[in-house]
Every structure is written in C-alpha cells, then in structure tokens.
Amino acid sequence: MGFTGISKLVTSNVGKSTNILWHDCPIGQTERQKLINQKGCVVWITGLSGSGKSTLACALSRELHSRGHLTYVLDGDNLRHGLNRDLSFKAEDRAENIRRVGEVAKLFADAGLICIASLISPYRSDRSACRNLLPKSSFIEVFLNAPIEVCEGRDPKGLYKLARAGKIKGFTGVDDPYEPPSDCEIVIQCKIGDCPSPQSMADQVVSYLEANGFLHD
Ligand SMILES: Nc1ncnc2c1ncn2[C@@H]1O[C@H](COP(=O)(O)OS(=O)(=O)O)[C@@H](OP(=O)(O)O)[C@H]1O
Ligand SMILES: Nc1ncnc2c1ncn2[C@@H]1O[C@H](COP(=O)(O)OP(=O)(O)O)[C@@H](O)[C@H]1O
C-alpha cells in the first residue's frame, strides 16, 4: 500500500466519471473527532421561507460555539450566491441544490464538524437522499413547523407579497409545493402568536445533540 492508501488497483465508474479510484488517508473521521472531542453530524433544518431556519441555524451555531464546539452553517440563500448560483427554483434545480448541499454537508460531518444546513428543501425525496448519504443517526432532520400565515406575516424580504401579486412564480407555499417531514428527529412547533424564541429553538436542538452523544467524542 502506498502513501495514499490504495489497497487494490480496481477502478470504477460513478455517474459520468469513468475509471476512478477511492483513496483512503490514515487520518480519518475518528482521528479528527478525537482531536476536537465531538462527533460529526448534519443538522438539516427544513421549513417554509420565513419560518426561521436561518435564525435557528445562527442561534444554534452561536450556542454550540459558546460551549466549545466546531460548527459550520450551510444556508440555502447564501449558497445560491456561489456554489449554487446556476440553479433556479424549478423542481429539478431544487433537487440538484439539495443534492450538492447534502454532499458538502457530508464532507463537513466527515471533517468532524456539526454542520447546520438550512434550506427550504421542500421535497421529501431530496431530503431523504441526503439522509442516505450519511451514516445512520448522524443526519438530524429538524422541521421548523411554522404555518404559512406566520411566515407570510413576517415576510422580511417582501417575497410573499411579490408571489401573491404574481411577480414571483413558483414560490414555495404559494404556488409551489412544500412536503412536511413525516418522520423527522425534531419538530419545532410555531403557532400564530406563539413561537418559541430563537434561543429556545436552539436549546431544543442542543438537548437532542447532547442526549445522542454528538457533543463528546
Ligand atoms: N420561488 C422561490 N421559492 C422559494 N424561495 C425563493 C424563491 N425565489 C427566491 N427564493 C429565496 O430563496 C431562498 C430559498 O433557497 P433554498 O436554496 O433554501 O431553496 S430550496 O431548498 O432549493 O427550495 C428563500 O430564502 P429563505 O426565506 O431563507 O427560505 C428565498 O429568499
Ligand atoms: N422564533 C422566532 N420568533 C420571532 N421571530 C422570528 C423567529 N425566528 C425568526 N424570526 C424572524 O422571522 C423572519 C424570518 O426568519 P429567517 O430566519 O430569515 O427565516 P428563513 O431562513 O426560514 O427564511 C426574520 O425577520 C426573523 O427575525
């Protein structure tokens, strides 16, 4: 075996990539996790636009950081400024958006980080494909269950208003579907006039991570 850990020179074809080989390194996820005393995982926050995904992602990242944990936030809106700038909001582009972010999140988790992905991710099949990329139990799906009335009432970017006026087509929850999770790890319930604070949403996720051993090696 050489330095790159090629044990047998058998190449394979994956998607459109032909004759490729997997290289292993002696320092892997286990070694990295030991170094930072935590377990890599993906916290995947799904919900309507305006439900509070980015707010929760940032509150969670801040809370974990203050406790000495390494996190990284992958925010749908932000990633569409770079990695996913070539994608629209039609179903197949949303699927590709989620697939790419799932693959990136998998790398962060493999690096040992608590990766917080915050995307509308409206289709169950796309979220499920991301779940299947990760080892069992290290994909933690969080449903920010805020009714559209709450999200539309907030409308911080004025997008619901534009969608209702027909100036944005295919807006999630207005004229595009959102499929709520049927079986996810955490549900954060937000009702009209009664939403948990950002800190208490973050605390709910931290409790789950603590109880499931992600905050220790
Ligand atoms: N048609 C349509 N539908 C939904 N959202 C729209 C649309 N057009 C633009 N936006 C803005 O894009 C943000 C959602 O991007 P995502 O990458 O999370 O979407 S998705 O997961 O691919 O469905 C979303 O951000 P959030 O409000 O933070 O969810 C919107 O600001
Ligand atoms: N728990 C909450 N309680 C009250 N307001 C909230 C809460 N979470 C988010 N908000 C507000 O709602 C709006 C949308 O939140 P944001 O995090 O941008 O949602 P999303 O990322 O899902 O679009 C923002 O103005 C934010 O300040």
Side-chain angles (χ1 to χ4, degrees), residues 42-63 71-105 115-131 133 139 141-181 184 186-207:
V42 175
V43 175
W44 189 280
I45 306 168
T46 174
L48 291 172
S49 175
S51 58
K53 300 181 300 297
S54 305
T55 303
L56 167 58
C58 291
L60 177 60
S61 177
R62 194 174 45 230
E63 180 60 33
T71 63
Y72 196 83
V73 174
L74 297 174
D75 188 275
D77 241 344
N78 292 353
L79 293 170
R80 282 175 176 274
H81 284 79
L83 177 68
N84 295 330
R85 67 191 312 158
D86 57 323
L87 300 176
S88 75
F89 287 91
K90 64 182 180 194
E92 68 199 68
D93 278 6
R94 291 190 200 245
E96 175 60 9
N97 183 32
I98 301 315
R99 187 194 71 78
R100 288 184 198 172
V101 179
E103 291 284 359
V104 173
C115 180
I116 305 163
S118 129
L119 297 99
I120 297 178
S121 41
Y123 296 107
R124 253 179 234 127
S125 58
D126 297 339
R127 296 192 300 266
S128 160
C130 290
R131 177 184 290 278
L133 288 173
F139 183 88
E141 193 172 343
V142 180
F143 176 31
L144 231 173
N145 190 7
I148 191 154
E149 291 78 6
V150 168
C151 303
E152 197 164 354
R154 290 174 176 165
D155 204 10
K157 305 170 200 158
L159 298 180
Y160 281 99
K161 203 166 172 215
L162 290 172
R164 292 290 180 200
K167 292 180 180 154
I168 300 178
K169 303 279 183 215
F171 195 77
T172 306
V174 176
D175 56 349
D176 222 47
Y178 178 79
E179 300 172 356
C184 61
I186 302 174
V187 179
I188 293 178
Q189 200 64 50
C190 184
K191 297 185 192 140
I192 300 171
D194 180 21
C195 278
S197 69
Q199 183 63 45
S200 103
M201 298 195 293
D203 289 344
Q204 198 179 328
V205 181
V206 170
S207 300

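These numbers come from a predicted model, not from an experiment. Atoms within each ligand, like the ligands themselves, are counted from 1 in listed order.
Below 4.0 Å from some heavy atom of G50 lie the following atoms of ligand 1, by number and element: 27 (O). For ligand 2, the atoms sitting less than 4.0 Å from at least one non-hydrogen atom of L48 are 22 (O), numbered in the order shown with element in parentheses. The atoms of ligand 2 that sit less than 4.0 Å from any heavy atom of P198 are 1 (N). Close approach of ligand 1 to L119 (heavy-atom distance below 4.0 Å) involves ligand atoms 17 (O), 18 (O), 21 (O). Of all atoms in ligand 1, listed by their number and element, those nearer than 4.0 Å to a heavy atom of G76 are 17 (O), 18 (O). Every atom of ligand 2 with a heavy atom of T55 under 4.0 Å away is listed here by number and element: 8 (N), 9 (C), 15 (O), 16 (P), 17 (O), 26 (C). For ligand 1, the atoms sitting less than 4.0 Å from at least one non-hydrogen atom of I98 are 21 (O), numbered in the order shown with element in parentheses. In summary, the atoms of ligand 1 found under 4.0 Å from a heavy atom of G170, numbered by their order in the structure, are 1 (N), 2 (C), 3 (N). For ligand 1 and T172, the ligand atoms under 4.0 Å from any heavy atom of the residue are 3 (N), 4 (C).
Counting protein heavy atoms only, atom 24 (C) of ligand 2 is closest to P156 CG, 4.2 Å. For atom 14 (C) of ligand 1, the nearest non-hydrogen atom of the protein is I120 CD1, 3.6 Å. For atom 19 (O) of ligand 2, the closest non-hydrogen atom of the protein is G52 N, 3.0 Å. The shortest contact between atom 23 (O) of ligand 2 and any protein heavy atom is with G50 N, 2.7 Å. Distance from atom 13 (C) of ligand 1 to its nearest protein heavy atom, with residue and atom name: D77 OD1, 3.5 Å. In terms of protein heavy-atom proximity, atom 10 (N) of ligand 1 is closest to F89 CZ, 3.4 Å. Looking from atom 3 (N) of ligand 1 to the surrounding protein, the closest heavy atom is R94 NH2, 3.1 Å. In terms of protein heavy atoms, atom 27 (O) of ligand 1 is closest to S49 OG, 2.6 Å. With respect to atom 15 (O) of ligand 1, the closest heavy atom belonging to the protein is R80 NE, 3.5 Å. Atom 31 (O) of ligand 1 has K157 NZ, 2.9 Å as its closest protein atom, hydrogens excluded (heavy atom only). Protein heavy atom nearest atom 2 (C) of ligand 1, with residue, atom name and distance: F171 CD1, 3.4 Å.
The cationic group of R127 does not satisfy the cation-pi geometry with F139, failing either the under 6.0 Å distance to the six-membered ring centre or the 45° limit from the ring axis.
In this structure, the side chains of C195 and R154 come closer than 4.5 Å at one or more pairs of heavy atoms. By the 4.5 Å heavy-atom criterion applied to side chains, C151 and S51 are counted as neighbours. Using a 4.5 Å heavy-atom threshold, the side chains of T55 and P198 count as touching.
T71 places no side-chain N or O within 3.5 Å of a backbone atom of C115 that could act as its donor or acceptor partner. A donor-acceptor pair is defined here as one N or O able to donate and one able to accept, closer than 3.5 Å; such a pair exists between the side chain of D155 and the backbone of L159. The main-chain N or O of A57 is never found under 3.5 Å from a side-chain atom of S61 such that the two would form a donor-acceptor pair. R80 places no side-chain N or O within donor-acceptor distance of the main-chain N or O of D75, the cut-off being under 3.5 Å. Side-chain atoms of E152 never come within 3.5 Å of backbone atoms of Y160 as a donor-acceptor pair (strictly under, hydrogens ignored). Side-chain atoms of N97 do not come within 3.5 Å of backbone N or O of D93 as any donor-acceptor pair. In terms of modelled atom types and a separation under 3.5 Å, the side chain of N145 and the main chain of V187 share no donor-acceptor contact. With hydrogens and angles disregarded, no donor-acceptor distance shorter than 3.5 Å links the side chain of K53 to the backbone of I45.
Selection from D75, N97, L48, L79 by nearest heavy atom to atom 20 (S) of ligand 1 gives N97.
Below 3.5 Å of separation, one finds no N or O of S197 facing any N or O of ligand 2. For ligand 1, the polar-atom distance check finds no N/O of S118 at less than 3.5 Å from any of the ligand's N/O atoms. Polar contact check, K157 against ligand 2: no nitrogen or oxygen pair lies under 3.5 Å apart. The shortest N or O to N or O distance between C195 and ligand 2 is not below 3.5 Å.
A 6.0 Å sphere centred on OH of Y123 holds more than 12 heavy atoms belonging to other residues, nucleotides or ligands.
One distance of note links CD of E63 with CG of L56; it measures 11.5 Å at 0.5 Å rounding. Considering CD of E96 and CG of N84, their distance stands at 7.5 Å, rounded to 0.5 Å. In this structure, L79 CG and L87 CG are separated by 10.5 Å, a value rounded to the nearest 0.5 Å.
Not a single heavy atom of G47 lies less than 4.0 angstrom from ligand 2. Note on ligand 2: I45 sits outside its first shell, no heavy atom being nearer than 4.0 Å. Under the 4.0 angstrom criterion for non-hydrogen atoms, L159 is in contact with ligand 1.
Under 4.0 Å from ligand 2, the heavy atoms of R154 that appear belong solely to its side chain. Only the backbone of P196 comes within 4.0 Å of ligand 2, counting heavy atoms alone; no side-chain atom from C-beta on gets that close. Contacts between L144 and ligand 2, counted as non-hydrogen atom pairs separated by less than 4.0 Å, are absent for every part of the residue.
Using a 30° and 60° split on the angle between ring planes, F143 and Y178 fall in the parallel class, below 30°.
Between E103 and R100 there is no salt bridge, since none of the side-chain N atoms of the basic residue sits less than 4.0 Å from a carboxylate O of the acidic one.
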